[in-house]
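Written out below as structure tokens is the structure these notes cover.
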Amino acid sequence: MRIIINRNADTPVYLQIKNQVRDMIFSGILPADTLLPPERSLAKELEVNRSTVIKAYQELKADSLVDSHVGKGTVVLSHTVKKTALPDSYINPLPWYQFFTDSINAGTDNIIGDIMAMTGDSGVISFAGGIPASNLYPVEILKTIQTELFTTANRELFLHSPVEGYYPLRESISHLLRQRQIAASPKDVVVLSGSQQGLDFAARIFIRTGDTVLVEEPTFFGAIQIFRSAGARVIGVPIDQEGMRTDVLEALLIRHKPKFIYTLPTFQNPSGVSMSLERRYQLLNLAYQYQLPILEDDPYGELYYDRPPYPPLKALDRHGYVIYLSTFSKTLFLGLRVGWVSGPPQVLAKFAHLKQLTDLHVNTPAQFLLDEFIRRGYYEKHITLVRQEYSARRDAMLKALEKYKVPGTKWDKPEGGYYIWCRLPDNIIRHKLVANAGNRGVVFLPGETFYPDGTQGDTRIRLNYTFTNQEQIQTGIKYLMQAVRETTSLDDNQESERNIKPLV
Ligand SMILES: Cc1ncc(COP(=O)(O)O)c(C=O)c1O
């Protein structure tokens, strides 16, 4: 029996209990003869006084909805629902939460959604999303290819495509993988609706309620939410400038016996850190030693601005332990919703099975379009273009941060990807910063979003530099740093560098 108490509501707590039990009786969730929880245990569960529950049960008894006898407890009575229509004033709003599963009820925090929603507002400078630069969308080329595709009226374009993906696109993706040093044939690729779907499928394939998943700390919040909603305990492994701390990892492997390790080794979201080559091998060796799958998420690997990154774990894995996810969302555009998974055949078969159960296949015209775009060499040219632009935007943000620096703020220069993981002064009043920056028209993502237990990271913020142009970056950082300054309890002249720990 799930009862939610709102201690700020005007309705007294005993009435909240009574009303919710009554609703459950009338909606059939508590059928006749159901034994209600003993007063003492319900009071304990709801953290209320026992007399509050007694009063709620007395009210239900007075309404002839329950009966109670000493030694027998409180039992739901059968009741005949009047067939005549109830007047509107008697119909309560449907208590939806009672129908939701526990896992879906667990994930209703929408702070990110709220902040992201502001991204579309005119006048708001958003460093919050992970969105590509809209002026670089290859609109004209896509338009030409699309017109050609639809003009030839190839019937295949309008049909279902194979569950695993349109074969020519799988071929094109396997070429891209070879450039990332991953030896994969088209059959080693299953096309998905973004890598988010890959995370969801991995959760459905591997996680049973109560299982543990190890993730970097901090990590992509979407993955934390997905694993958690599948019933996993999500445990963080700290990172430093070389990525996941493999020395700490081994102890956690022994202690938690996780189902798999989720990692973003290259230009990590949110920290921008890339795992060193040594750590990559250490991680693989630990996975081999403890017989553990690795789920590698690599949306940003192609977006390097200084020098090519180390090969993905998948390229270094000689024993088929790595499941590799990637996507076109960050290199092309988010709305495309095309990503893919590459991994051992037994695992890919499960991904394909879930793809069939979920939505059969990725949108056919999108797959044709993308395949032509890659085959005609436009993808490679586009990557070169976005690398140049994002590198310039990253440098603009680094310069602006330096120019408007508030003592105590720190950051590292990311060598690729989308984000600067900025440390704020220790004395920041973080909950006020979101509002203060918002008032100045600047949004960002708060650091705690990226930590599995949500208690750390409150002196960090994630700043995206790909979505805004250089002018907006300059203005946005200026306003953001004004807000930081205003939201710290020390002023400029006071030395606040004292307690600053190393970044990441
Ligand atoms: C690390 C990571 N994985 C997965 C995704 C989801 O990507 P997609 O749009 O392909 O579903 C994102 C998007 O922000 C991401 O940062």
Side-chain angles (χ1 to χ4, degrees), residues 2 100-109 112 163-164 190-239 244 248-265 268-269 283-284 286-299 313-314 317 319-327 339-359 449-454:
R2 188 178 165 83
F100 298 144
T101 60
D102 289 347
S103 60
I104 207 74
N105 268 334
T108 47
D109 179 7
I112 294 171
V163 168
E164 294 82 359
V190 171
V191 184
L192 301 171
S193 303
S195 44
Q196 182 93 359
Q197 186 165 58
L199 294 171
D200 177 44
F201 286 1
R204 287 161 68 183
I205 292 167
F206 294 110
I207 297 172
R208 279 199 209 102
T209 304
D211 282 343
T212 297
V213 173
L214 295 186
V215 304
E216 280 139 358
E217 187 175 74
T219 191
F220 173 47
F221 55 80
I224 300 176
Q225 285 178 334
I226 289 174
F227 300 152
R228 200 164 273 156
S229 79
R233 270 187 346 128
V234 182
I235 305 275
V237 186
I239 64 171
M244 188 184 279
V248 179
L249 175 64
E250 180 156 19
L252 292 172
L253 290 180
I254 295 167
R255 181 149 169 228
H256 295 290
K257 301 189 174 39
K259 249 340 195 5
F260 60 83
I261 303 170
Y262 169 70
T263 175
L264 281 144
Q268 210 244 7
N269 177 4
L283 175 56
L284 284 169
L286 283 170
Y288 299 150
Q289 190 182 338
Y290 290 90
Q291 292 259 291
L292 210 59
I294 294 177
L295 182 61
E296 177 176 24
D297 195 3
D298 187 20
L313 293 168
K314 180 90 193 122
D317 170 26
H319 302 285
Y321 275 50
V322 177
I323 302 163
Y324 179 84
L325 297 175
S326 193
T327 178
W340 72 92
V341 58
S342 183
Q346 313 88 306
V347 178
L348 284 195
K350 300 297 178 205
F351 273 85
H353 179 62
L354 283 180
K355 186 69 190 157
Q356 188 218 318
L357 294 182
T358 306
D359 56 0
T449 317
F450 301 92
Y451 285 81
D453 71 1

Q) When rounded to the nearest 0.5 angstrom, what distance separates CZ in F221 from CD1 in I226? A) 10.5 Å

Q) Could you walk me through whether T263 and V237 pass the side chain to side chain contact (heavy atoms under 4.5 Å, CB included) check? A) CA-CA 10 Å; T263 175; V237 186; over 6 Å; no

Q) So, the side chain of K259 versus the backbone of F206: is there a donor-acceptor pair under 3.5 Å, distance only? A) yes

Q. Quick one: does S326's side chain have a donor or acceptor within less than 3.5 Å of a partner on D298's backbone?
A. yes

**Q.** Considering all heavy atoms, the nearest G198-L325 contact
**A.** CA-CD2, 3.7 Å

(Q) Quick check for you: to the nearest 0.5 Å, what is the distance between L292 atom CG and L249 atom CG? (A) 8.5 Å

Q.
Counting C-beta onward and ignoring hydrogens, is there a side-chain heavy-atom pair between F450 and N269 closer than 4.5 Å?
A. yes

Q.
Do I235 and P258 have side chains that approach each other closer than 4.5 Å (heavy atoms only, starting at C-beta)?
A. no

Q: Ignoring hydrogens and angles, tell me if any N or O in the side chain of R228 forms a donor-acceptor pair with the backbone of P452 under 3.5 Å.
A: yes

Q) Between E296 and K314, is there a donor-acceptor pair closer than 3.5 Å when you use the side chain of the first and the backbone of the second? A) yes

Q.
Looking at D317 and V322, would you say the former's side chain and the latter's main chain have a donor-acceptor pair under 3.5 Å?
A. yes

Q: Grab the two heavy atoms, one from P218 and one from Q268, that are nearest each other, plus how far apart they are.
A: O-NE2, 2.7 Å

Q: Rounded to the nearest 0.5 Å, what's the gap from CD1 on I205 to CG on D200? Could you check?
A: 9.5 Å

Q. In Å, rounded to the nearest 0.5 Å, how long is the span from OG1 of T327 to CH2 of W340?
A. 7.5 Å

Q.
Give me the atom names and distance for the closest heavy-atom approach of L295 to A202.
A. CD2-CB, 3.7 Å

Q.
With a 4.5 Å cut-off on side-chain heavy atoms, are P265 and M244 touching?
A. no

Q: Write down the atom of A232, the atom of V213, and the distance for their closest heavy-atom approach.
A: CB-CG2, 3.9 Å

(Q) The test is side chain to side chain contact (heavy atoms under 4.5 Å, CB included); show your working for K257 and T212 and say whether it passes. (A) CA-CA 7 Å; K257 301 189 174 39; T212 297; over 6 Å; no

(Q) With a 4.5 Å cut-off on side-chain heavy atoms, are F201 and T358 touching? (A) yes

Q. Are the side chain of E216 and the backbone of L264 linked by a donor-acceptor contact shorter than 3.5 Å?
A. yes

(Q) Quick check on ring-ring contact (aromatic ring centres under 6.0 Å, His included): which of Y288, Y290, F260 does Y321 satisfy it with? (A) Y288

Q. Which atom pair, heavy atoms only, marks the closest approach of L192 to K355?
A. CD2-CD, 4.2 Å

Q.
Return the CD to CZ distance between Q196 and F220, rounded to the nearest 0.5 Å.
A. 5.0 Å

Q. Going by heavy atoms in the side chains, are F227 and L199 under 4.5 Å from each other?
A. yes

Q. Do other residues, nucleotides or ligands put more than 12 heavy atoms under 6.0 Å from H256 NE2?
A. yes

Q | Euclidean distance, T219 OG1 relative to I224 CD1, rounded to 0.5 Å | A | 6.0 Å

